[in-house]
Amino acid sequence: MTTTVGIPAGWPATEEQARAVQDELRERVVLDERGPEPGAGHVTGVDVAYDDARDVVAAAAVVLEAATLRVVAEATAVGRISFPYVPGLLAFREIPTVLAALGALGRPPGLIVCDGYGLAHPRRFGLASHLGVLTGLPTIGVAKNPFTFTYDDPRTPRGSASPLLAGSEEVGRALRTRDGVKPVYVSVGHRVALDNACAHALALTPAYRLPETTRRADALCRRALREATAAL
DNA sequence: GCGACAG
DNA sequence: ATCTTGTCGC
């Protein structure tokens, strides 16, 4: 089942308003919890696909059993595009539809894995942090690109990592999930420690560079977008 | 002012 | 993100 959502009342309309929201919500991020252990409970991947020309956005949430990485639930939602893509303001483009997909799950998501950043963000409040604060749930971000941050290339073996730096501040970690393959960029979202976030990223990558959560969510939201767009 | 910039 | 075929390699 795919639910349909509109743009929430009071949603920021300008970049200035969006940045103000980030500055306010940032105060509510919780960074002193270790978070659930890898392999325990459930892990949920969320992702979003767009058709800007037709003003359609589709989100997917896929729940995996953490111990086996088996899919136990999934849901999708479609809506209107709620914000343009602006580096640093990605959350305003993705969150309304993602929340709808999570709500359609009908069960607790456990740890949420986002396709993007948490603390590794110009104002230390990326998508994963934002989604964490809004849901109260533990979240982490696993991104495919280093954005503006710097890092030394991790050693070749899977599991190697090096600090992801904003100047001299460690805002995340470049983590090798496959031998000799480009690392992923892990950062804390809400209620999870960085070491534990990296442990989760490794537990979710038994076969591919990207976590099973984001691979499943990516495939599902693309399918939902195709189907939502086919009838137009 | 110019370029770079998660998805 | 998205537009897009074949191709090199394990």
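Naming convention: chains lettered A, B, ... in sequence-line order (proteins, then strands); numbering from 1 in each chain. Keep in mind that what you see is a predicted model, and the values were worked out from it rather than measured.
Side-chain atoms of A:Arg176 come within 3.5 Å of backbone atoms of A:Val181 as a donor-acceptor pair (strictly under, hydrogens ignored). Put simply, the side chain of A:Ser187 never gets that close to the backbone of A:Gly172: no donor and acceptor are under 3.5 Å apart.
With contacts defined as side-chain heavy-atom distances shorter than 4.5 Å, the pair A:Leu194/A:Glu170 qualifies. A:Leu69 places a side-chain heavy atom less than 4.5 Å from the side chain of A:Pro206. In this structure the side chain of A:Val142 never reaches within 4.5 angstrom of the side chain of A:Thr177, judged on heavy atoms.
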With the sugar-phosphate defined as primed atoms, P, OP1 and OP2, and the base as all remaining atoms, what B/S/- string results for nucleotides 2-7 of chain B, 5' to 3', for protein heavy atoms under 4.0 Å? ---BBB

Contact state string [nucleotides 5-10 of chain C, B base, S sugar-phosphate only, - no protein heavy atom under 4.0 Å]: ------

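Salt-bridge check for A:Asp195 with A:Arg173: passed, with a basic side-chain N closer than 4.0 Å to an acidic carboxylate O.
In this structure, CZ of A:Phe92 is placed 19 Å from C1' of C:dA1, rounded to the nearest angstrom. Taking atom CD1 on A:Ile81 and atom P on C:dA1, their separation rounds to 14 Å, with Å as the unit. Note: CZ (A:Arg54) to C1' (C:dT2) measures 13 Å, nearest angstrom.
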Strand DNA chain B as a dot-bracket string - pairs counted if Watson-Crick or G-U with both distances under 3.5 Å, | where the partner lies in another strand: .......

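Evaluation of the side chain to side chain contact (heavy atoms under 4.5 Å, CB included) rule for A:Arg54 yields A:Asp51, A:Val56, A:Thr229, A:Leu232 as partners, not counting sequence neighbours.
Heavy atoms from other residues, nucleotides or ligands lying under 6.0 Å from CZ of A:Arg155 number 12 at most. Surrounding CD of A:Glu16 are at most 12 heavy atoms belonging to other residues, nucleotides or ligands under 6.0 Å away.
For the residue pair A:Pro154 and A:Ser162, the shortest heavy atom distance occurs at CG-OG, 3.7 Å.
Remark: the A:Thr205 side chain and the A:Arg158 side chain contain an N/O donor-acceptor pair separated by less than 3.5 Å.
Side-chain heavy-atom separations under 4.5 angstrom define the hydrophobic clusters, and the remaining members of the one that includes A:Tyr151 are A:Tyr117, A:Phe147, A:Phe149, A:Leu164, A:Val171, A:Tyr185.
In DNA chain C, no stem is built from 3 or more consecutive Watson-Crick or G-U wobble pairs with both distances under 3.5 Å.
The cationic atom of A:Arg178 (NZ for Lys, CZ for Arg) does not lie both less than 6.0 Å from the six-membered ring centre of A:Tyr208 and within 45° of the ring axis.
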